[in-house]
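Order of appearance sets the numbers: ligands from 1, and atoms from 1 within every ligand. Side-chain atoms are counted along with the backbone in the values below, which use heavy atoms only and exclude waters and symmetry mates. Computed from a prediction, not measured in an experiment: that's the story for all the values here. Residues take their numbers from the sequence shown, with the count starting at 1.
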Amino acid sequence: MKLFPVLVMLTACAARPQDLSGKMFTFPLESNTAHVRLNASRLDFSSLTLCHRSFTDLKRDHVLFSLATPVHSNDFLIFWDYTNKEIEPHIKNRKAEFGGRDYKPNMWHSICTTWDSESGLVQIWFNGLPSIRKFVSTGTNIVGPVIIILGQEQDSYGGGFDINQSFIGMISDVHMWDYTMSSCEIQNYSDELSFTLGNVLNWNALDFQITGRVLIEDKQRIC
Ligand SMILES: *[C@@H]1O[C@H](CO)[C@@H](O)[C@H](O)[C@H]1NC(C)=O
Ligand SMILES: *[C@@H]1O[C@H](CO)[C@@H](O)[C@H](O)[C@H]1NC(C)=O
Ligand SMILES: *[C@@H]1O[C@H](CO)[C@@H](O)[C@H](O)[C@H]1NC(C)=O
């Protein structure tokens, strides 16, 4: 008899955005199921900035962020290509390749990606250092309903996970904006100084749902 109110309370808590500042998602086990789904507060993007920090020791390809729509399963995807040692933003199923980044294992890396549909240019900021600006896709917006997933790469809308592209390690400080951020703000993000919180995804008020073995833990700091 007492179970019912408890369940209702848990459901309500799960749906409310949580402040994850100082926390991280830990993905401790290789699988093709464990993931976190993030709920975006906007669904139509003519430009975007995405920032996140990640920590891994994977020696294979892996996903860092996967946004799919019914039209494009790689509508906004950030992928590490281990063979070619490249960070690859995919936008509207088209890929840009950024090599020459010192993506060392066993340390945090801040990666920010900007894109705008007018110029079609994509740029990454790796630990605060900018890449060149490359053409990837122009003309049309990224339009929802979007499914955003951490930990697995969507080969279809909301599914098609490949264990060999899954993420193992930690992810933190995920923010997304529906405009291209200034380089000063991106550098501030990278240096963990003050910056404008994401208006599409906000780590400090995150609406998310965990499936499988993913933990929320305090971010460990080296003393
Ligand atoms: C996602 O966010 C929208 C708008 O903010 C809200 O209406 C919806 O209920 C949320 N979905 C989930 C699964 O929390
Ligand atoms: C994943 O990689 C392993 C080792 O390379 C391979 O044996 C396996 O078939 C791959 N699995 C899938 C689903 O691609
Ligand atoms: C960057 O951080 C510094 C120090 O916290 C702050 O004074 C400055 O206003 C920030 N710049 C931007 C563009 O947010």
Side-chain angles (χ1 to χ4, degrees), residues 19-23 27-37 41-42 47-54 56-66 68 73-74 77-88 90 93 95 103 105 108-116 121 123-131 133 147 149-169 172-206 211-214 219 221:
D19 182 357
L20 294 183
S21 44
K23 311 252 180 216
F27 299 82
L29 181 68
E30 185 168 75
S31 78
N32 64 354
T33 51
H35 66 274
V36 183
R37 185 166 162 180
S41 57
R42 283 152 209 243
S47 55
L48 278 178
T49 303
L50 168 72
C51 290
H52 43 83
R53 289 185 239 282
S54 58
T56 185
D57 66 353
L58 281 169
K59 292 190 196 67
R60 57 160 172 76
D61 292 354
H62 55 268
V63 64
L64 293 167
F65 181 91
S66 171
S73 56
N74 298 337
L77 163 70
I78 311 299
F79 194 79
W80 172 251
D81 177 334
Y82 183 77
T83 311
N84 298 307
K85 304 283 181 280
E86 289 167 347
I87 294 170
E88 298 177 346
H90 295 236
N93 284 6
K95 173 172 74 163
Y103 188 64
W108 286 103
H109 295 292
S110 297
I111 301 175
C112 294
T113 308
T114 65
W115 168 76
D116 88 275
L121 297 183
Q123 182 170 31
I124 62 159
W125 296 74
F126 184 79
N127 295 332
L129 297 175
S131 71
R133 293 163 65 72
I147 294 182
I149 284 178
L150 302 177
Q152 299 289 340
E153 202 273 312
Q154 302 174 76
D155 280 337
S156 62
Y157 182 58
F161 302 154
D162 177 350
I163 193 167
N164 290 333
Q165 298 182 341
S166 66
F167 180 82
I168 305 172
S172 186
D173 299 334
V174 181
H175 288 273
M176 192 158 137
W177 301 259
D178 64 351
Y179 55 89
T180 52
M181 286 243 280
S182 73
S183 57
C184 288
E185 292 239 44
I186 290 177
Q187 277 158 18
N188 269 16
Y189 172 87
S190 304
D191 295 339
E192 303 196 39
L193 300 174
S194 62
F195 58 89
T196 310
L197 300 174
N199 67 348
V200 179
L201 296 174
N202 176 1
W203 189 254
N204 297 31
L206 199 67
T211 301
R213 196 175 294 275
V214 183
K219 212 168 161 184
R221 308 217 170 253

Atom pairs and distances, ligand 3 N/O vs protein N/O under 3.5 Å:
residue, atom, partner, partner atom, Å
ligand 3, 2 (O), Asn188, OD1, 3.4
ligand 3, 2 (O), Asn188, ND2, 2.3
ligand 3, 5 (O), Ser194, OG, 3.2
ligand 3, 11 (N), Asn188, ND2, 2.9

Next item on the list: Show the numbers, then the answer: is there a side chain to side chain contact (heavy atoms under 4.5 Å, CB included) between Thr211 and Arg37?
Entry: CA-CA 8 Å; Thr211 301; Arg37 185 166 162 180; over 6 Å; no

Next item on the list: Working to the nearest 0.5 Å, report the span between CZ of Phe161 and OG of Ser156.
Entry: 8.0 Å

Next item on the list: Run the salt-bridge test on Glu86 and Lys95 with the 4.0 Å N-O cut-off and return the result as yes or no.
Entry: no

Next item on the list: Only one of Asn202, Asn199, Thr49 passes side-chain contact (heavy atoms from CB on, under 4.5 Å) with His175; say which it is.
Entry: Asn202

Next item on the list: Using the six-membered ring wherever Trp is involved, compare the ring planes of Trp80 and His62 and label them parallel, tilted or perpendicular (cut-offs 30° and 60°).
Entry: tilted

Check: Do other residues, nucleotides or ligands put more than 12 heavy atoms under 6.0 Å from Arg213 CZ?
Finding: no

